[in-house]
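Below: the structure, in structure tokens.
Here is the naming used below: chain letters follow the sequence lines, and residue numbers restart at 1 for every chain. The shown structure was predicted, so the numbers you read here are calculated from the model rather than taken from an experiment.
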There are 2 protein chains.
Amino acid sequence: MLGRASLTDVARAAGVSVGAASKALRGKPGVSEATRKKVNEIAERLNYEPNPIAQTLVSGKSGSIGMFAADQGSFSSPIMAGVQNELSANGVTVLLSNAFGDVRLERQCIDALLARNVDGLLIVNHNTNIRPPLHEEVPVPVVYAYAASSDERDCSITVDNVEAGRMAVRHMAEIGRDRIAIVCGEASSKAAIDRLQGAMEMMDELGLTPVNIPRFGTWMAEWSRQEILRLIDAGTAFDAVICQSDVLAMGALDVLHTHGISVPQDVALMGHDDWGPIVLNTNPPLTSMSNALDEIGRLAARRLMDAMDGKPSHGVEYASCALMRRASTDC
Amino acid sequence: MLGRASLTDVARAAGVSVGAASKALRGKPGVSEATRKKVNEIAERLNYEPNPIAQTLVSGKSGSIGMFAADQGSFSSPIMAGVQNELSANGVTVLLSNAFGDVRLERQCIDALLARNVDGLLIVNHNTNIRPPLHEEVPVPVVYAYAASSDERDCSITVDNVEAGRMAVRHMAEIGRDRIAIVCGEASSKAAIDRLQGAMEMMDELGLTPVNIPRFGTWMAEWSRQEILRLIDAGTAFDAVICQSDVLAMGALDVLHTHGISVPQDVALMGHDDWGPIVLNTNPPLTSMSNALDEIGRLAARRLMDAMDGKPSHGVEYASCALMRRASTDC
DNA sequence: TTGTAGGCGTTATCAC
DNA sequence: GTGATAACGCCTACAA
């Protein structure tokens, strides 16, 4: 049990006024050392904790932020975990709100958060597609995580998928592969577009050309199976496959095995997202580009806190993605 | 922008006292119809919303609950989503706190939530192992989700893994398979133990015996590969494999394919957990027992709200798991 | 250095 | 039916 003792209780027990007690507890000047010491002792003994609700009411600041998940998806959770990790270390509480992808709910979710006097807003999406900024003007700082705001003046934290695409190709080249096939995800996904752009850039810089014409499809393994099958049926020679997601890589691996093509000896294979349940359980374990979701969360939280301190950031900032090297490219 | 207008503003604009305005807005008796109408009009025009912080301060009730994630894991998110879904529909805000598996953090997380006057507490774990109840006495109702409390008087919502184990075997029998192998997860996991118990019970009732001696191992696909390999090497005949997780089933599928055993024709295969990214992307798609995570979340939220309304529940309640039938047992 | 008073926005309890 | 007034717990003047 906690919080039962009020400031009044402490003041009375210490034989001083609430005003004095308040100052003493908060380390403000204008109190004698003797009083300060006594008040602190009593507070300790009474297990006194200031009531955040009352503090909020009088100050307008709540020491909490609102985390708004615009949609649902497995990528949101690690981001939110990063956010919480960073914030709870600083004593900031998180109010959660979720629109489950329903855009019409967005406004009322934000309003509910605002009504509880959150000091800042963190907008999380589960993909990296550019998103519209909040409809209305909000009176607190806002940071967007993963999906960047279309308004350049907003502060957004996301991952640099172009760079991720580049790193993937560079890795394949570094292990000596030069006949690289690329399996893309959905055309409507900015992640797919960016990763492809980066991959093609790096291919170009290295004087390489993909052995297939990269085509957009879906994020399902079935699509990847089709693509690899097509490659095999066409008799195309290839020694590396970069899939734009781990699920796609899982599908590719399936077809490769079925055709007696061994990974990584015959074909090196890698994915994107570095999604634990998959990359650690395929055979062999899958090399993948990490999205740095946890770091995005931490970074977003830090930028938000800075902004709440009056030091706002603007524009898009990128968490640095990393290559997670495993057996599927270990040769 | 919202919430700027206070009750005082409304009262002044309507030319009545705050007391009258309050009663009018809240539909309480003791106000003339004329006054009520006028006040409501003004409030509407001023876009008035009562300040939840002030309401909390005076009433001690905050209209919010604390959701505490004791640990981190992919099963927590769907549960939390279910909780939010149910609560937000009832205008209840969720304060989030996460101990990331650090038991020493637990108490201070709970205290932080309590300090913000949450009206109830929802404790979520990412596995079904029985967990100790909250250390200290808390002054609000508590509901445990997924991991049940060891105290029978507490209210816990989880999934009936014994029943899930039974259903899995029954399904295999229904599609005509009677030489069933079972691959278990970790011995330290109650889910593994319960699913095995259920499976053995049903085997018994049907007069069947597993073709292997079910052994506990790990939750990694590697373990499952070993088990299936051992089975094949031993020359054991089998026409069905039940894996205690989808990841394990993924490993099994891998080995079966490698050995030219087709699923489901030669061997029917199923998993547990019904985990989207896996079950929909294996080839063939994987039949699996759903853990009803979303329903657990909803149910837990509902029980908590009931308890906050003075109608507490006690003991363990089970969300009903369901068989998700897909191609891997479609024969 | 201290204590007192006013106010944050609401609700509830009184008199009127 | 209505309007003051006192809480809720805290903070920040200002007065002693």
If you measure from CZ on B:R298 to CD on B:E86, what distance do you get to the nearest 0.5 Å? 6.0 Å
Carboxylate-amine/guanidinium contact B:E41 B:K37, below 4.0 Å: yes
Return no unless some side-chain N or O of A:S6 is found under 4.0 Å from OP1 or OP2 of D:dG9. no
Starting from C1' on D:dC8, measure out to CD1 on B:I53 and report it in whole angstrom. 13 Å
What's the CG-P distance between B:N51 and C:dG9, to the nearest Å? 7 Å
Does C:dT11 have OP1 or OP2 under 4.0 Å away from a side-chain N or O of B:K28? no
Any Lys/Arg nitrogen of A:R302 or A:E317 sitting under 4.0 Å from an Asp/Glu carboxylate oxygen of the other? no
Measure from CZ on B:R12 to P on D:dA4 and round the result to the nearest Å. 13 Å
Taking only side-chain nitrogens and oxygens of A:R26, does any of them come within less than 4.0 Å of OP1 or OP2 of D:dC10? no
Pairwise 5' ranking along DNA chain D for B:P29 and B:V58, keeping only the more 5' one: B:P29
Polar side chain donor-acceptor pair, B:R116 to B:S64, under 3.5 angstrom: no
Would one find a side-chain N or O of B:Q55 under 4.0 angstrom from OP1 or OP2 of C:dG9? no
Between NZ of A:K23 and C1' of C:dT2 the distance, given in whole Å, is 7 Å
What is the nucleic acid contact for A:K61, judged by heavy atoms within less than 4.0 Å: base, sugar-phosphate only, or nothing? nothing
If I take atom CG in residue B:N117 and atom P in nucleotide D:dC10, what distance separates them, rounded to the nearest angstrom? 11 Å
Among D:dC11, C:dT1, C:dT10, the one nearest any side-chain atom of B:P50 is C:dT10
Base, sugar-phosphate or nothing for B:L7? Non-hydrogen atoms, less than 4.0 Å. base
By nearest nucleotide on DNA chain D, pick out whichever of A:S59 and B:S32 is the more 5' one. B:S32
Give a yes/no answer on whether the side chain of B:S17 brings an N or O atom under 4.0 Å of OP1 or OP2 in D:dA4. no
If you compare every side-chain N and O of A:T35 against the phosphate oxygens of C:dT2 (OP1, OP2), does one of them come in below 4.0 Å? yes
Salt-bridge criterion met for B:R36 and B:E33 (N-O under 4.0 Å): yes
Picking from C:dT11, D:dG3, D:dG9, which would you name as closest to the side chain of A:L57? D:dG9
Just how far, in rounded Å, is P of D:dG1 from CZ of B:R36? 10 Å
Atom CG of A:L25 and atom P of D:dT12: how far apart are they, to the nearest Å? 13 Å
